[in-house]
There are 2 protein chains.
Amino acid sequence: MMTDPLIHLPGYVLRRASIATMKRLNDHLGAFDLRATEASLILLIGSRGGLTQSEAGRILGIKRANMAPLTAKLETRGLLARRQISGRSQELSLTPSGEQLLVDVRALIAQHEAETMARVPQELRAFVMPILLALWGQDDSPA
Amino acid sequence: MMTDPLIHLPGYVLRRASIATMKRLNDHLGAFDLRATEASLILLIGSRGGLTQSEAGRILGIKRANMAPLTAKLETRGLLARRQISGRSQELSLTPSGEQLLVDVRALIAQHEAETMARVPQELRAFVMPILLALWGQDDSPA
DNA sequence: TATTGTTATACTCTATAACTATA
DNA sequence: TATAGTTATAGAGTATAACAATA
């Protein structure tokens with residue numbers, strides 16, 4: 001067996017944990033032909049209908065320039081609607097078919113999050129969110 | 001202030017934490033014109049001289065096809081040497097200049113890991129590694 | 001002047017397929 | 001047959017720059 005000498009580095013293990021978890025999530029989301037990024041936008045609009053495209057980008061850490069093709073793709077698929085609310089801003093909302101998908105995505109995510117938490121020994125679970133939020137910090141403005 | 005409704009999802013916060021931490025690391029590594037992936041390979045060879053290219057890939061979760069350009073680039077920069085040890089395997093080692101860089105990279109990583117840990121409240125630090133290792137799991141064979 | 005949205009573009013990392021050569 | 005290395009290629013995701021239009 002090949003042991004990994006980098007395994008004592010928290011940043012490295014954090015990255016490996018994130019990659020492995022994302023891989024599992026994307027596998028699950030494949031059933032809806034969705035990527036994790038797309039699902040996160042659908043979840044966001046689902047609980048914050050009427051926000052602006054750039055607001056959504058700021059919250060999710062996605063730049064303006066990358067939000068454009070993302071929303072365009074979901075709009076083409078009939079999941080998302082864009083409505084001009086001022087000369088330069090547009091409001092995002094889910095279409096009826098987007099709302100329908102939202103129900104399934106929420107169930108899938110709940111399942112995935114439960115599986116993720118289940119990997120952690122029960123006596124450590126209470127510390128997962130505080131630790132991850134601390135590691136996140138709040139200094140990553142997507143500018 | 002825009003609160004993020006996805007903030008209660010551990011998988012989402014894990015991803016954001018990893019992205020933020022990697023961004024900080026890559027900023028630091030920029031001083032050596034290195035990416036995190038390249039630094040991880042240098043660290044690996046530094047503590048496991050003489051392993052094979054495909055062994056390194058298996059440990060770091062990088063596929064054979066992606067290891068080739070990675071080692072080629074570091075070899076071109078004079079940091080890494082490849083030596084044929086059998087007809088089909090090649091052993092990786094650091095050149096003298098690679099060994100020299102290793103010292104700096106190790107110091108930089110130590111600094112970065114300390115900063116990362118410092119973000120976590122002191123009373124939770126003991127749980128960081130057990131939790132991250134559990135979230136990682138061991139089911140991500142790079143094929 | 002600052003913000004919003006868009007396009008174009010480039011880079012990193014990852015993924016598969018196909019090929020050669022070797023064990 | 002399975003493994004090692006390589007090449008080509010494609011797809012995400014992210015980054016900057018530049019532009020038009022608007023607040």
Side-chain angles (χ1 to χ4, degrees), chain A residues 2 12 15-16 18-27 29-30 33-41 50-76 80-92 140-143, chain B residues 2 12 15-16 18-27 29-30 32-41 50-77 80-92 140-143:
Chain A
M2 237 1 107
Y12 174 77
R15 173 163 129 254
R16 298 299 299 263
S18 174
I19 292 172
T21 303
M22 288 298 290
K23 195 170 299 180
R24 293 188 279 263
L25 174 58
N26 277 320
D27 284 349
L29 285 172
D33 197 22
L34 280 181
R35 303 286 310 171
T37 306
E38 298 166 335
S40 69
L41 180 56
L51 44 46
T52 288
Q53 179 166 311
S54 52
E55 281 171 354
R58 271 193 292 274
I59 291 174
L60 296 178
I62 302 174
K63 291 189 190 302
R64 279 188 349 269
N66 298 324
M67 283 298 293
L70 178 56
T71 53
K73 184 178 176 190
L74 293 180
E75 188 178 40
T76 300
L80 184 154
R82 287 187 276 191
R83 189 174 67 89
Q84 209 73 16
I85 55 169
S86 85
R88 73 183 181 194
S89 293
Q90 50 194 1
E91 179 189 85
L92 302 180
D140 54 30
S141 49
Chain B
M2 237 2 105
Y12 173 76
R15 173 163 130 255
R16 298 299 298 263
S18 174
I19 292 171
T21 303
M22 289 296 291
K23 194 170 301 181
R24 291 188 280 263
L25 174 57
N26 278 320
D27 284 349
L29 285 172
F32 298 130
D33 196 23
L34 280 181
R35 303 287 309 171
T37 307
E38 297 166 336
S40 70
L41 179 57
L51 43 46
T52 289
Q53 179 165 312
S54 52
E55 281 170 353
R58 271 192 292 273
I59 291 174
L60 296 178
I62 302 174
K63 292 190 191 300
R64 281 193 341 275
N66 298 323
M67 283 298 292
L70 178 55
T71 53
K73 184 179 177 189
L74 294 180
E75 189 177 40
T76 299
R77 287 182 59 179
L80 183 154
R82 288 187 277 191
R83 189 175 67 89
Q84 210 73 16
I85 54 169
S86 85
R88 73 183 183 196
S89 291
Q90 49 194 2
E91 181 189 83
L92 302 181
D140 54 32
S141 49

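Everything quoted here is computed from the prediction, not taken from an experiment. So that the names make sense, note that chain A is the first sequence line, chain B the second, and so on, each numbered from 1.
For the atom pair OG1 (A:Thr52) and CZ (A:Arg83), the distance works out to 10.0 Å, reported to the nearest 0.5 Å.
Rounded to an integer number of Å, the gap from CD1 of B:Ile85 to P of D:dT3 is 16 Å. The nearest whole Å value for the distance from the CD1 atom in B:Ile19 to the C1' atom in C:dT14 is 15 Å. To the nearest angstrom, P of D:dA4 lies 13 Å from CD of B:Gln84. Here C:dT9 presents its P atom at 15 Å from CG of A:Asn66, a figure rounded to the nearest Å. Straight-line distance from the CG atom of A:Leu60 to the C1' atom of D:dT14: 14 Å, rounded to whole Å. If you take NZ of B:Lys73 and C1' of C:dC13, they are 12 Å apart, rounded to a whole angstrom. Distance, B:Leu25 CG to C:dT12 P: 15 Å, rounded to whole Å. Rounded to an integer number of Å, the gap from B:Leu29 CG to C:dT12 P is 13 Å.
The shortest distance between the side-chain N/O atoms of A:Gln90 and the OP1/OP2 oxygens of C:dT6 is below 4.0 Å. Residue B:Arg82 has a polar side-chain atom (N or O) positioned under 4.0 Å from OP1 or OP2 of D:dT6. Remark: A:Ser54 is in phosphate contact with C:dT4, judged by side-chain N or O atoms under 4.0 Å from OP1 or OP2. Look at B:Gln53 and you'll find a side-chain N or O under 4.0 angstrom from OP1 or OP2 of D:dT6. The phosphate of D:dA4 has OP1 or OP2 within less than 4.0 Å of a side-chain N or O from B:Arg58. At the phosphate of D:dA15, OP1 or OP2 sits under 4.0 Å from a side-chain N or O atom of B:Lys23.
Residue-to-nucleotide proximity on DNA chain D shows that, of B:Pro69 and A:Leu70, the 5′-proximal contact is made by B:Pro69. Comparing A:Met22 and B:Thr52 by the nucleotide of DNA chain D whose heavy atom lies nearest to each, the residue mapping closer to the 5' end is B:Thr52.
By the side-chain contact (heavy atoms from CB on, under 4.5 Å) test, B:Asn66 pairs with B:Ile62, B:Lys63, sequence neighbours left out. For B:Arg88, the side-chain contact (heavy atoms from CB on, under 4.5 Å) partners are B:Ser86, not counting sequence neighbours.
No engagement by A:Arg15 is indicated, since no non-hydrogen atom pair under 4.0 Å with the nucleic acid exists.
Side-chain contact between B:Leu29 and B:Arg35 is absent, with no heavy atoms from C-beta onward closer than 4.5 Å. In this structure the side chain of B:Leu60 never reaches within 4.5 angstrom of the side chain of B:Met67, judged on heavy atoms. The shortest side-chain heavy-atom distance between B:Glu38 and B:Leu80 does not fall under the 4.5 Å cut-off.
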Where protein sits on nucleotides 17-23 of chain C, one letter per nucleotide: B base, S sugar-phosphate only, - none, heavy atoms under 4.0 Å: B----BB

